[in-house]
Amino acid sequence: MKNIIMLIMLLGVIPVSFADANREPKNEFRVYVCTLSPFQDIFADVGITENIARYKVQQDCEKSQGENSIFCQSRKAQCNESLITIGITFNRSHSRD
């Protein structure tokens with residue numbers, strides 16, 4: 001549960017702090033979310049590149065499982081690309097009835 005809360009917080013902070021580094025049209029920011037699941041634990045982290053996300057989730061896992069744990073290898077992380085949109089976009093071409 002604590003990891004999920006941290007993930008949600010990171011999703012809100014990372015795009016803002018790296019806005020100029022990874023900007024897409026329409027205020028969209030590409031991030032990578034990676035997870036590791038040794039045993040019943042789930043570790044998740046976010047990065048502006050897949051390699052950063054893999055490294056960060058490995059570090060989180062190693063804090064719990066021990067340094068250089070075979071269960072925390074970054075290459076075993078499951079990663080997904082995601083887009084985060086900052087702000088509100090109004091479509092003025094549609095009228096309300």
Measuring from [X]:[atom1] to [Y]:[atom2], what's the distance to the nearest 0.5 Å?
X     : Y     : atom1 : atom2 : value
Leu36 : Glu62 : CG    : CD    : 9.5 Å
Cys34 : Asp60 : SG    : CG    : 11.0 Å
Ile52 : Tyr32 : CD1   : OH    : 10.5 Å
Leu83 : Arg30 : CG    : CZ    : 6.0 Å
Asn68 : Gln73 : CG    : CD    : 9.5 Å
Ser82 : Phe29 : OG    : CZ    : 13.0 Å

| field | Closest approach of Asp41 to Ser64 (non-hydrogen atoms, all atoms of both residues) | value |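 In terms of heavy atoms, the two residues are closest at OD2-OG, 4.0 Å.
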| task | Taking all non-hydrogen atoms of both residues into account, name the closest pair between Ser37 and Ile42 and its distance. | result |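 Nearest pair, atom of Ser37 first, then Ile42: OG-CG1, 4.0 Å.
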| query | Between Gln58 and Asp45, do the side chains contain an N or O donor and an N or O acceptor separated by less than 3.5 Å? | reply |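 Gln58 vs Asp45: no donor-acceptor pair found between side chains.
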| With a cut-off of 6.0 Å (strictly less than), are more than 12 heavy atoms of other residues, nucleotides or ligands near CD of Glu67? |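 Check fails, neighbour count at 12 or below.
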| Over 12 non-hydrogen atoms of neighbours within 6.0 angstrom of CD in Gln59 | yes
| field | Arg54 side chain to Ser74 backbone, donor-acceptor under 3.5 Å | value |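 Yes.
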| Okay, side chain of Lys56, backbone of Gly47: is any donor-acceptor separation there less than 3.5 Å? |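 Looks like no, no N/O pair under 3.5 Å.
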| query | Do Gln65 and Phe39 have side-chain heavy atoms sitting under 4.5 Å apart? | reply |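 Yes. Closest side-chain heavy atoms under 4.5 Å.
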| Do Cys61 and Ser69 have side chains that get closer than 4.5 Å, going by heavy atoms? |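 Result no, sub-4.5 Å side-chain heavy-atom pair not found.
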| request: State yes or no: do Val46 and Tyr55 share one hydrophobic cluster built from I, L, V, M, F, W and Y residues joined by side-chain heavy-atom distances below 4.5 Å, directly or via other members? | output: no
